[in-house]
Structure formats: structure tokens, C-alpha cells
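This one's a predicted model, so the numbers in the text were calculated from it and none came from an experiment. When a ligand or atom number is given, it counts from 1 through the structure's own listing order. Counting begins at 1 with the first residue of the sequence.
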Amino acid sequence: MGCLEGKVIVVTGAGRGIGRDIALLAAKEGGKVVVNDLGVDPEGEGADTGPAADVVKEIRAAGGEAIANGASVAEPGPAESIVKAAVDTYGRIDCVVNNAGILRDRIFHKMSVHDFETVIKVHLLGSFYMARAAAQYFREQESGSFVHFTSTSGLIGNFGQANYAAAKLGIVGLSKSIALDMARYNVRSNCVSPFAWSRLIGTIPAQSEAERLRVERMKAMGPEKIAPLAVFLASDLSREVTGQIFAARMNEIFLMGQSRPLRGMQRSEGWTPQTIASHALPAMKSSFYPLDRSADIFGWDPV
Ligand SMILES: NC(=O)c1ccc[n+]([C@@H]2O[C@H](COP(=O)([O-])OP(=O)(O)OC[C@H]3O[C@@H](n4cnc5c(N)ncnc54)[C@H](O)[C@@H]3O)[C@@H](O)[C@H]2O)c1
């Protein structure tokens, strides 16, 4: 018996890339799947119902159950309609995988208000709209699982992604808050930070030789490698797991850290800007984080 037998799972942005493989595995594991995808280009323009419909066809051909949905997660009404489609068609909802995403990479001093807001809307607001719409059902049935997609762009850092990093770290705060607020209703919320070759990665500017080589290595990381972790978190196999951040990269899985105090200093008379400079700074400086990017921390080839 599959680990999602009897469960209804909504996967946003499931027409392509990582979401598509999550939808396929969820259906294989017995879940009834709402395959949501607006069918936009990597920057979020256009709309096409084709990719979601193709994934549904594939699931049905393999004997699974799925419906396609072409609504946008980036507006509250349409996001609510995605959750409603699950409940109207299958009578319940057990998991939301907040995977839909776009990129509008720009160096910070050239990033427009529109580029910033558009990325925040799809990732952070979209994840909130979806979670908020499902929360009422989860609360009533006293069960449910949220799987949100974050990124090492936010958890660690990357060039040209202030909009995306802010959204993705915002999603970490959203997930932890949901985990805290809804634990009393047996509702869980976790984050996945994936590494996988998809068209979104194809938009990463690769100027230096080292960056070009890194992109070549990333091409070997199939999106199907992320699906088992997402499906595990959706299912009751992870019933004791909530409030966590995982990363997945080919055959590697990581538990990521969460922020805690690193060094503490105190002066009985309190601080002045000058004593912070003369006393606290020398004590803390050795623990400062360098300006690392994701590739500096995940510097070895994926296994
Ligand atoms: N691929 C990676 O290495 C990587 C790394 C870090 C994080 N992520 C995250 O993983 C998730 C999936 O990314 P991917 O690489 O598979 O990208 P992808 O472009 O292949 O798929 C994203 C899908 O989301 C859909 N989408 C975009 N806006 C939408 C909206 N408003 N409503 C509904 N659907 C919408 C797109 O049409 C697309 O099919 C994203 O959240 C992304 O930020 C991916």
C-alpha cells in the first residue's frame, strides 16, 4: 500500500520541474492529486493549461487519480479555488505542497519594485494564500501537512536574488509559525530546499568559468530526486516531523540549521556605540559569517 493511500494532495506549480515529479510520485503512492500550474514562463508571464493537463494524463495513464487546475497561487481568490477544487472533487484535502515559483534575477541596484513585488507575490504570498485556504479544513479534520519550498538563496545567499531570497526566507518564517500555531490541531509544516536541474536554474546567470561548470554539474541533478522527501513529508510516515527545514540534492538529504544565538556579551552598565566597538566587536568578530553564497557552502559535487 502506498504511503498516500486515501489522501488528497495539492501540488502547486506541478506542470513542470520538481512539482511534476512530486505529483507523479504522490499519485504512485496512492494519493489523489490536484495538479496545479498556471503555465507561465520562468519570469511569470503568460498562461498555459497544457503542462498541468499533460501531467494529469501521465498520472491517469499509470492508473492514478488526478485533476488539473490552472489557477494562480499569487492571488487570494484563485488560490482558495485550488484548495476548493480538491475538496469539491475528492471530498477532503490532506496536504498542500507550495512549490510554484518564478525567478526575476537582477542585481540589487537594478531591481525594480515590480520585479521585487512579483516574486514576493508568487512565492511568499502564494504560499500564505494556499496555506490559509487549507488551514480551515486541516483544523476541522485535525490533521494536515504543509510542504513549502524554500531555497539556499535565502538560507545562505546568492547574487542577484534579493526578491527571491527575501521571499524564500519569509517562507521559512511562515512555515515555522504555522507549525507552532497549528500543532494543537495535529497539523504539520516543513520546508524543503531543493537542488535540481529545471528551467528555473537555466535562468541563473553563469558568467565565470567556475559558474558555468557549476551549472553543468547541476544538469545531472534530476527533479525526481526531490520527490521522495516531499512525499514523505506529505504522508503520515513523517507524523513526528514538523517545523523543520530539509535540503535535497541528488542522493543527499540534509537537515538545515535554524538561527540561534552564537555569542553573547554583557556589560553591567549597558552599552554605548563606543563600547560595542571596543568590547563587543572584538569578542564577536571571530564568529561573523563570511559573505557566503550557496555554492560556497555546497561546494562539493552532488552525490
Ligand atoms: N530547481 C532548483 O534547483 C531549485 C532550487 C531552490 C528552490 N527551488 C524551488 O523549487 C520550486 C520548483 O521550482 P522548479 O525548479 O521546479 O521550477 P519550474 O519553473 O520548472 O516549475 C515551476 C512551476 O510553477 C509554475 N508557476 C509559476 N507561477 C505560478 C503561479 N502564480 N501559480 C501557479 N503556478 C505557477 C510554473 O508555470 C512552473 O510550471 C520553486 O519554488 C523554486 O523556487 C528550486
I'd like to check the salt bridge (Lys or Arg N to Asp or Glu O under 4.0 Å) partners of E75; sequence neighbours left out, ordered by chain and number. K121
I need the contact type for S193 against ligand 1. Using non-hydrogen atoms and a strict under-4.0 Å cut-off, is it side chain, backbone, both or neither? neither
Using a 3.5 Å distance criterion without hydrogens, assess whether the side chain of E80 forms a donor-acceptor pair with backbone atoms of P78. no
Taking only heavy atoms of V40, which atoms of ligand 1 are found under 4.0 Å from at least one of them? 26 (N), 27 (C), 28 (N), 36 (C), 37 (O)
Heavy atom under 4.0 Å from ligand 1: found in H123's side chain, backbone, both, or neither? side chain
Sidechain-backbone polar pair: R188 side chain, L233 backbone, donor-acceptor under 3.5 Å: yes
Among S198, A74, A52, whose heavy atom sits nearest atom 14 (P) of ligand 1? S198
What atoms of ligand 1 come closer than 4.0 angstrom to any heavy atom of G17? 16 (O), 20 (O)
Interfacing atoms of ligand 1 (cut-off 4.0 Å, heavy-atom, I102): 27 (C), 28 (N)
Is the shortest N/O to N/O distance between S151 and ligand 1 below 3.5 Å? no
Per the side-chain hydrogen bond (donor to acceptor under 3.5 Å, both in side chains) rule, which among Q161, R293, K168 passes with S153? Q161
Does any N or O atom in G15 lie less than 3.5 angstrom from one in ligand 1, N or O only? no
Atoms in ligand 1 with a heavy atom of A71 nearer than 4.0 Å: 32 (N), 33 (C)
Under 4.0 Å from one or more heavy atoms of A196, ligand 1 contributes atoms 1 (N), 2 (C), 3 (O)
Among P51, P78, G126, P194, which residue places a heavy atom closest to atom 4 (C) of ligand 1? P194
Between R104 and E43, is there a donor-acceptor pair closer than 3.5 Å when you use the side chain of the first and the backbone of the second? yes
For S193 and T150, test the side chains for any donor-to-acceptor distance below 3.5 angstrom and give the result as yes or no. no
Can you tell which part of Y164 has a heavy atom less than 4.0 Å from ligand 1: side chain, backbone, both or neither? side chain
Atom 36 (C) of ligand 1: of D37, I82, V11, the nearest heavy atom sits on D37
Going by the atom numbers of ligand 1, which of them fall below 4.0 Å from some non-hydrogen atom of F195? 3 (O)
Under a 4.0 angstrom heavy-atom cut-off, which atoms of ligand 1 come close to I18? 1 (N), 10 (O), 16 (O), 44 (C)
Indicate the ring-plane relationship of Y164 and H123, choosing parallel, tilted or perpendicular according to the 30° and 60° boundaries. perpendicular
For the pair N98 (side chain) and F149 (backbone), establish whether a donor and an acceptor sit closer than 3.5 Å, ignoring hydrogens and angles. no
Between F254 and F246, does the ring centroid distance fall short of 6.0 Å? no
Judged by heavy atoms only, the candidate from L38, N99, T150 nearest atom 30 (C) of ligand 1 is L38
Could you list the atoms of ligand 1 found under 4.0 angstrom from a heavy atom of G39? 37 (O)
